[in-house]
There are 2 protein chains.
Amino acid sequence: MLIDNKGSSRQLVEKCITCPGMRHCLPHGLKGNEMERVSDMVKHRRPFQRGEQITMMGDEFTSLMVVHSGFVKSYKVSRDGEQQIVGFYMSGDVLGVEGISTGNYGYTAEALETTSVCTLSFRNYEYCSSHFPVMQKWLLNTMSRQIIDEQKMLLMLGKMSAEQRIANFLLDMSRRMSASGTSIQTIRLPMSRIDIANYLGLVVETVSRLLTRLQANDILIVKRRVISIMDLNRLQAIADNSIEDCHPLHHAA
Amino acid sequence: MLIDNKGSSRQLVEKCITCPGMRHCLPHGLKGNEMERVSDMVKHRRPFQRGEQITMMGDEFTSLMVVHSGFVKSYKVSRDGEQQIVGFYMSGDVLGVEGISTGNYGYTAEALETTSVCTLSFRNYEYCSSHFPVMQKWLLNTMSRQIIDEQKMLLMLGKMSAEQRIANFLLDMSRRMSASGTSIQTIRLPMSRIDIANYLGLVVETVSRLLTRLQANDILIVKRRVISIMDLNRLQAIADNSIEDCHPLHHAA
DNA sequence: CGTATTCTTGATGGACATCAAGATACGTGG
DNA sequence: CCACGTATCTTGATGTCCATCAAGAATACG
C-alpha cells in the first residue's frame with residue numbers, strides 16, 4: 001500500500017480538493033477522480049511557527065513539500081560555518097527537489113512566519129507520476145523553473161552592483177507576491193534585512209543604506225519591512241542598469 | 001510517429017549501444033531491447049567546432065542534449081549586455097533542461113573545443129519516459145544535481161573570497177575530469193582565464209594573480225592552461241577556509 | 001615572422017565590508 | 001499602560017579586497 005495517510009490521526013484533514021490555492025499547487029489537468037486520489041496522498045500537518053525548521057540540510061530526503069501559506073527561507077551552510085540563503089519560498093513553491101539525486105535534503109528550510117506546507121512523499125509522487133503523466137510534467141516544470149531562477153541569481157551575484165541586486169530583488173518580490181504576474185506597489189517583506197543582505201551577497205548595512213538612498217530619490221517609500229514602490233520605471237531601469245545610478249544623497253537638500 | 005531519426009541522412013549513425021561512454025549517458029537499468037529503442041531516438045550530429053554555438057538563449061526549446069565528448073560553456077546575457085557564465089559541461093552532462101518550463105533555452109551554450117553532443121528531442125524523451133520509468137528517474141536526477149551545483153555556486157559567489165573560489169573551482173574541475181570521483185593531479189583547462197574569471201564573478205587579472213600566488217606557495221604548478229595540484233590538502237583547506245590564506249608573495253625569496 | 005590573442009604583473013582607485021554607536025520597534029512582565 | 005531589555009534597523013567613519021587602468025611577456029596562428 002502506497003497510500004498511507006489514512007491511519008494517522010492528529011493531522012489536519014483538509015483536502016486539496018477544497019483548497020482555494022489548489023490551482024497553483026496540484027497540477028492542473030488532473031481529472032476529478034485522479035485529483036481525488038492524489039489529494040488523498042498529500043499530508044497537511046500542523047503549521048510551522050516562525051523559526052521552526054521544515055527540513056534540515058543533510059537529513060534523509062523523503063518528501064516534496066509545497067508551501068501552502070506563509071513564507072520560508074532556505075540556506076546552505078559551508079564547511080567553515082558560513083551561511084548562504086539560496087531561496088525564499090511562498091505559496092505554491094516547492095521544497096526539497098534537490099534531494100532527489102542525493103537522497104538528502106540539500107539545505108535547511110526555515111519558516112519566516114507561520115507557514116503550512118503540503119507534503120507528498122516521493123514514493124507517492126512516483127506512484128502518481130506513473131499513472132498521471134501530468135504529475136511528471138508538473139515536477140519537471142517546477143525543477144526547470146528553479147534552475148532558471150538560480151541562474152538568474154548567479155548573474156546577480158556575479159555581475160551586478162549592490163544597487164542592481166536590491167532593485168531586482170524588490171521587483172521580484174513584488175511580482176511574486178501578487179497573485180497574478182504583475183507587480184504590486186506595496187509589499188511587506190517577511191524577512192529581516194540580514195536575510196536580504198545574505199541572499200544578495202551583501203551585508204546588512206549596505207542594504208539599509210541603499211534602501212535609504214532609493215527612498216531619498218523618491219523611488220521607494222520604506223517603512224521598516226513595508227516597502228512601496230513609487231517609481232516602477234526607474235526601479236526597473238536601475239535593475240537593468242539602463243541608466244546611471246540614482247543620486248548618492250550627500251548632504252542633500 | 002515519434003521516432004523520426006531514420007529518414008534523415010548525413011548524420012553520423014553511431015549507436016549509443018556501441019558508445020564507450022554509454023553508462024555515463026543513457027540511464028542504466030534499461031533492458032537490452034529498451035536500450036536499443038532509446039538509442040534509435042538519439043541523434044548524433046556532426047561535432048561542433050570551438051566557438052560554435054550549440055543552443056542560443058531564447059531559441060525554441062526542442063531537445064535535451066548530452067555532451068558526448070568535448071567541453072561546453074553556457075552563459076546568460078543580461079538586459080544591459082553583461083554576460084555571466086552559468087556552467088561548464090563535459091562528457092555526460094546534460095544541456096537544455098532549463099527550457100522545459102518556458103519552452104525556450106535559457107542560455108547560450110558554446111563549444112570550448114571540438115565537441116560532439118547526443119540529442120534527444122523532448123518529444124521523444126516524453127515517449128520514452130512514459131514507457132521506461134528509469135528514463136524519468138534519470139532526468140529528475142540530472143535536474144536535481146544541476147540545482148545542487150548551482151546552489152553551491154550561489155554560496156561561492158555570495159560568501160567566498162576570490163582565493164576560495166579559485167580553490168573550489170580547481171578542485172571541482174579536477175574531480176569532474178577524472179573518470180572516477182577522485183580528483184586527479186594534473187588538469188588541462190579548456191577555458192580561458194577570462195571565462196574562469198567570469199564564471200567565478202571576478203576579473204581576469206585577479207584570477208591570474210591568485211594562480212601565481214598559489215604557485216609561489218607550492219600548492220600548484222601553473223603552465224598556462226595546464227595546472228598541477230601539488231598540495232591537495234592545502235588547496236582543500238583554502239577552499240574550505242579552514243586555514244588562514246596562503247602567503248601573499250610580497251618581495252618573496 | 002608578424003600580428004593577434006591570451007596571460008601576467010604593477011600602480012591606483014572605488015565599492016562595499018567592517019567597526020562603532022545611536023535610533024526605532026518589539027516583546028514581556030510588572 | 002508603562003518600564004525595561006533585546007533585536008532590528010539606520011547612520012557614520014574607516015579599512016580592504018578586488019576592479020580598473022596600463023603595459024609588457026608569452027603563446028597561438030595565419
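A, B, ... follow the sequence lines: proteins, then strands. Residue 1 opens every chain.
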Side-chain contact check for B:Val204: nearest option of D:dT10, C:dT8, D:dA19 is C:dT8
Rounding to an integer number of Å, can you tell me how far B:Glu82 CD sits from D:dA19 C1'?
13 Å
OP1 or OP2 of D:dT11 under 4.0 Å from side-chain N/O of A:Ser208:
no
State which of D:dT11, D:dT27, D:dT8 makes the closest approach to the side chain of A:Arg225.
D:dT8
Results of side-chain contact (heavy atoms from CB on, under 4.5 Å) for A:Ser101 - residues two or more places apart only
B:Asn141, B:Ser144, B:Arg145, B:Ile148
I need the NZ-P distance between A:Lys159 and C:dC16, as an integer number of Å.
14 Å
Quick check: on DNA chain D, is the nucleotide nearest A:Arg224 upstream (toward 5') of the one nearest B:Arg224, or the reverse? Name the residue that is more 5'.
A:Arg224
Check the distance between D:dC17's P and B:Met160's CE and give it to me in whole angstrom.
18 Å
Calculate the interatomic distance between A:Leu214 atom CG and D:dC9 atom C1'; express it in whole Å.
16 Å
Interatomic distance, A:Arg193 CZ vs C:dC16 C1' [rounded to whole Å]:
18 Å
What is the nucleic acid contact for B:Leu211, judged by heavy atoms within less than 4.0 Å: base, sugar-phosphate only, or nothing?
nothing
State whether a side-chain donor-acceptor pair under 3.5 Å links B:Asp80 with B:Ser78.
yes
In whole angstrom, what separates B:Glu163's CD from D:dT16's P?
17 Å
For the residue pair A:Lys76 and A:Gln84, confirm or rule out a side-chain donor-acceptor distance under 3.5 Å.
no
From C-beta outward on B:Arg209, which listed nucleotide comes closest to its side chain: C:dG10, C:dC7, C:dA20?
C:dG10
Give B:Ser192 one of three labels, base, sugar-phosphate or nothing, depending on what nucleic acid heavy atoms sit under 4.0 Å from its own.
sugar-phosphate
Of the listed nucleotides (D:dT10, C:dC19, D:dC29), which one gets closest to any side-chain atom of A:Glu205?
C:dC19
Expressed in angstrom and rounded to an integer, what is the separation of A:Gln215 atom CD from D:dT11 atom P?
9 Å
Are A:Tyr107 and A:Thr55 close enough that a side-chain donor and a side-chain acceptor fall under 3.5 Å?
no
Quick check on the 6.0 Å ring-centre criterion: do A:Phe88 and A:Tyr199 meet it?
yes
Closest to side chain of B:Thr206, choosing from C:dT8, C:dC16, D:dC18:
D:dC18
Could you work out which one of C:dA17, D:dT10, C:dC16 sits closest to the side chain of A:Thr212?
D:dT10
Nearest whole angstrom, please: distance from the C1' of C:dC16 to the CD1 of A:Ile166.
12 Å
